[in-house]
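Remarks on the structure that follows.
Because only heavy atoms are used, hydrogens play no part in the values below, and waters and symmetry mates are left out as well, while side chains stay in. Here, residue 1 is the first one in the sequence, and each next residue gets the next number. Just so it is clear, the structure is predicted and the values come from calculations on it, not from any experiment. Counting convention: from 1, in listed order, for ligands and their atoms alike.
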Amino acid sequence: MKVLAVQKDLLWQIEERRKVVSSIKSSAVSKEWDTSDESDNSFSKMDQSAPSGGLQIKYSSSIISDKSTNPAEILSVNPPISDGRKSFYKEKRIEISPAENSIADALGLSREASLGAAQSEIFSPTISKVYEPCGVREEIDQDLDKSDGEGVGATTVEGNESPLAGPNVMNVILVAAECAPWSKTGGLGDVAGALPKALARRGHRVMVVAPRYGDYSEPQDLGVRKRYKVDGQDMEVSYYHAHIDGVDFVFLDIADFRHRQNDIYGGNRVDILKRMVLFCKAAVEVPWHVPCGGICYGDGNLVFIANDWHTALLPVYLKAYYRDNGLMIYTRCVLVIHNIAYQGRGPVDDFRYVGLPGHYLDLFKHYDPVGGEHFNIISAGLKTADRVVTVSHGYAWELKTTEGGWGLNGIINENDWKFQGIVNGIDTRDWNPKLDAHLKSDGYTNYSLDTLQTGKLQCKAALQRELGLPVRGDVPVIGFIGRLDHQKGVDLIAEAIPWIASQDVQLVMLGTGRADLEEVLRGFDNQYRGKVRGWVGFSVKMAHRITAGADVLLMPSRFEPCGLNQLYAMAYGTVPVVHAVGGLRDTVHQFDPYNETGLGWAFERAEAGGLIDALRNCLNTYWNYKSSWEGLQKRGMTQDLSWDNAAKLYEEVLVAAKYHW
Ligand SMILES: Nc1ncnc2c1ncn2[C@@H]1O[C@H](COP(=O)(O)OP(=O)(O)O[C@H]2O[C@H](CO)[C@@H](O)[C@H](O)[C@H]2O)[C@@H](O)[C@H]1O
């Protein structure tokens, strides 16, 4: 009953939000920030005043003309103000803090009406807690004329009248250290580029926040500047924005991230930790500071999606800086684990870099037999996130075991109530043999199920030519694409290579990573010339071309949270041979020759023998059972692998997080 009542109330709030926005758009409301106290905005001042009680945060802001009719000016929300807020208000002026916005949003009131509520008991008891603010000082030189209005209310406000998400439409901000096509080292980049679009298609207002590593062509400087303190140093952040495929892509431009395109996770442990601290501090405030299409997201009806340890500080900051102080109380954070092997570990002393009071240390302190007592960011993220998702059911199960949990199985089991697996989808526009931009030149061709046999043969010939392999249609081409590390099982291929090379096959491997494994690839290239091609490098174009031109994709991963390459392969009629683990077990169902079912071959143990057996059966089918082979290809290609299914499941998680108190 209580849940129904809350849901009804929220439906009403959404309707009210629509009304508020449209009434604001049609009438100019005068708002002005009092900037008389700008000199008080330095971080040191705030620090000094904090112990006296109250959230001692004062921000300067641009003065907005009374005559303004620009919705960006009117709705641009601002950071929290102090508990002495009354002195900020002047007659006929309306100042709105994010907390007050939340209250307005939640109560379905106009911003003006919310002020009363904000100052009443809803707000006061919590704001009296003291906390060091995250934001330091803001210098807005915002050229509001730059706002082009694109995306304004495209989904939640007044765009699609009947979004797929129905009454559950939300503001969603996915935060990730990489986002394809702008930045990508692996599958996380693909997910950050594609899941948000699928959520937007369901009617949510969706933003992606990622670092700006290079000079990207589409995103424009919004003119917003903020400063955040990390390890005692003031760091400036500026914000670039592009609205693409219904999603607001916001890139944070920060000196330490620039030109790291090819070295996203590079530098020493402390360097990368400090970069991620800054990124998360800034990201959590993006909904207040960054007007997308003229309107900030605000913090009501908002869910963040954080990804992996790099952004696992986001739910921690949301709690420590805001929710524990009665701010952003309607904002939620879902943490997605793409790979638990990377945790953000360090000595306990690393805690000093995250800028939190001592009583939050326990969130980070973790003990496991390998590291002893240490500082662990993902552990803090797991504890503070409202919901935790991982990228397949198989991996969700594995994470709860001693073998698969990498020391965090205890915490995951304790938080089982908020934990679940959702299998990744694929971007069916980027990874579609019919549309693939990388198959339009150099002899490659686009193809579909109808033209599979001729199209794939042509791509295979083009691939063989491009890689200097004998051009032969009858020889099966086996592909491997991936980061070269222990996870991906390159050592198993190395063990099996004498057998592989003894067969009438060609093997094409593309990857970068561990220097010793790069050497292994180069070694294959030299030793099995004309048969094996080991390409050391990161090439999206080559990855697409191998996926199209190969007959078989090999993924002997020792562990694989989901795996995208096997999904791409199946969409291209390329048959996967995988180690049955994590997401590979979920997505590659074993071929059954008696019933002509299944999608590929999955071997049970991460051993060269298992790999060879699976590959032997696969090649036998390729050579001797053409119609079975075509059946495998067809079943792979006709699956619905799109993000749409996964997005619906994510939406359920977001809704569960939203209603959880
Ligand atoms: N040398 C190279 N050149 C060009 N492209 C290359 C490349 N090496 C890898 N890629 C590309 O990077 C992506 C790799 O994605 P995966 O999901 O297979 O692995 P990853 O381990 O990075 O991701 C983690 O996150 C994802 C997303 O959740 C999970 O699927 C996965 O199991 C988990 O380990 C693919 O798009 C692939 O084509």
Side-chain angles (χ1 to χ4, degrees), residues 174 176-181 183-195 261-262 264-265 305-311 335-343 389-396 398-399 404 406 421-428 430-432 436 438 479-490 508-514 517-518 521 533-548 550 553-572 574 576 578-579 581-588 641 643 646 650:
L174 184 143
E178 53 184 274
C179 176
S183 52
K184 164 170 163 175
T185 67
L188 172 59
D190 285 356
V191 174
L195 168 61
Q261 194 81 333
N262 299 317
I264 291 180
Y265 305 110
I305 302 179
N307 295 276
D308 275 350
W309 83 262
H310 331 114
T311 49
L335 174 64
V336 184
I337 301 172
H338 299 267
N339 194 338
I340 202 95
Y342 302 97
Q343 302 181 356
V389 170
T390 192
V391 290
S392 70
H393 309 291
Y395 195 56
E398 287 168 14
L399 286 181
W406 291 70
I422 299 178
V423 177
N424 286 332
I426 68 172
D427 187 324
T428 49
D430 271 8
W431 288 93
N432 184 339
D436 196 322
H438 303 291
F480 168 93
I481 303 160
R483 287 181 295 103
L484 300 181
D485 68 13
H486 177 74
Q487 175 188 349
K488 301 296 179 183
V490 184
V508 174
M509 297 182 71
L510 170 68
T512 48
R514 251 171 54 184
L517 295 174
E518 290 186 350
L521 249 64
R533 189 75 176 85
W535 178 310
V536 176
F538 194 93
S539 163
V540 172
K541 180 166 86 176
M542 219 46 231
H544 280 251
R545 290 179 166 184
I546 292 172
T547 306
L553 186 91
L554 196 52
M555 276 185 87
S557 309
R558 290 184 180 279
F559 67 95
E560 195 59 81
C562 176
L564 293 173
N565 287 319
Q566 84 280 11
L567 302 180
Y568 299 147
M570 289 190 279
Y572 281 65
T574 305
V578 305
H579 174 215
V581 72
L584 296 174
R585 187 193 286 278
D586 283 11
T587 56
V588 181
L641 295 170
W643 267 106
Y650 267 92

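- Remark: R585 does not engage E560 in a salt bridge, criterion side-chain N to carboxylate O under 4.0 Å.
- At the top of the distance list for atom 9 (C) of ligand 1, counting protein heavy atoms only, stands G482 CA, 3.8 Å.
- A donor-acceptor pair shorter than 3.5 Å cannot be found between the side chains of Y568 and D427.
- Near G511, meaning under 4.0 Å from one of its heavy atoms, ligand 1 places the atoms 1 (N).
- Heavy-atom minimum distance, G582 versus E398: N-OE2, 2.6 Å.
- Residue contacts with ligand 1: T185 is placed with no nitrogen or oxygen under 3.5 Å of a nitrogen or oxygen of the ligand (distance criterion only).
- Within the structure, the closest approach of H544 to ligand 1 does not fall below 4.0 Å when heavy atoms are considered.
- Contacts with ligand 1 closer than 4.0 Å are made by no heavy atom of T547, backbone or side chain.
- Close approach to P561 involves these atoms of ligand 1, each under 4.0 Å from a residue heavy atom: 32 (O), 33 (C), 34 (O).
- Residues E178 and T185 have side chains that bring a donor and an acceptor to within less than 3.5 angstrom of each other.
- Side chains of Q566 and T587: a donor-acceptor N/O pair is present below 3.5 angstrom, by distance only.
- The nearest heavy-atom contact from the protein to atom 4 (C) of ligand 1 is S539 O, 3.2 Å.
- Under the rule for a side-chain contact (heavy atoms from CB on, under 4.5 Å), the partners of A548 that lie at least two apart in sequence or sit in another chain are L439, Y447, C459, Y572.
- For A571 against W431, the heavy-atom pair with the smallest separation is CB-O, 4.4 Å.
- Not a single heavy atom of M542 lies less than 4.0 angstrom from ligand 1.
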* Show your reasoning for whether side-chain contact (heavy atoms from CB on, under 4.5 Å) applies to I481 and M555. => CA-CA 8 Å; I481 303 160; M555 276 185 87; over 6 Å; no
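- Scanning the protein for heavy atoms near atom 11 (C) of ligand 1, the closest one is K184 CE, 3.7 Å.
- Of all protein heavy atoms, the one lying nearest to atom 10 (N) of ligand 1 is F538 CE1, 3.9 Å.
- Remark: side-chain polar atoms of H438 are not paired, donor with acceptor, to backbone N or O of R545 under 3.5 angstrom.
- Contact between I264 and S183 at its shortest, heavy atoms only, is CD1-CB, 3.9 Å.
- Scanning all protein heavy atoms for the shortest distance to atom 16 (P) of ligand 1 gives L564 N, 3.8 Å.
- Contact analysis leaves G583 out of contact with ligand 1, as no non-hydrogen atom separation drops below 4.0 angstrom.
- Ligand 1 lies within reach of Q487, whose nearest heavy atom is under 4.0 Å from it.
- Those atoms of ligand 1 that come under 4.0 Å of a heavy atom in N339, given as number and element, are 34 (O).
- Ranking the protein heavy atoms by distance from atom 37 (C) of ligand 1 puts N565 OD1, 3.2 Å first.
- In this structure, Y395 does not count as a contact residue of ligand 1, since none of its heavy atoms falls inside 4.0 Å of the ligand.
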* Decide side-chain contact (heavy atoms from CB on, under 4.5 Å) for V578 and S557; before the verdict, give the C-alpha distance in whole Å, the side-chain angles of both, and the deciding distance to 0.1 Å. => CA-CA 7 Å; V578 305; S557 309; over 6 Å; no
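- Contact annotation: for C562 versus ligand 1, heavy atoms closer than 4.0 Å belong to both the backbone and the side chain.
- Within the set K488, H338, E560, the minimum heavy-atom distance to atom 28 (O) of ligand 1 is found for H338.
- Of the protein's heavy atoms, G187 CA, 3.8 Å lies nearest to atom 26 (C) of ligand 1.
- Atom 21 (O) of ligand 1 has its closest protein heavy atom at R483 NH2, 2.5 Å.
- Atoms of ligand 1 found under 4.0 Å from any heavy atom of V191 (numbered from 1 in listed order, with element): 27 (C), 28 (O).
- Residues satisfying the ring-ring contact (aromatic ring centres under 6.0 Å, His included) criterion with Y342, sequence neighbours excluded, are absent altogether.
- Between the side chains of H544 and D436, a donor-acceptor pair is found at a separation under 3.5 Å.
- Geometrically, ligand 1 and G563 share a nitrogen or oxygen pair separated by less than 3.5 Å.
- F480 has its ring centre no less than 6.0 Å from the ring centre of W535.
- A heavy-atom separation below 4.0 Å is found between G537 and ligand 1.
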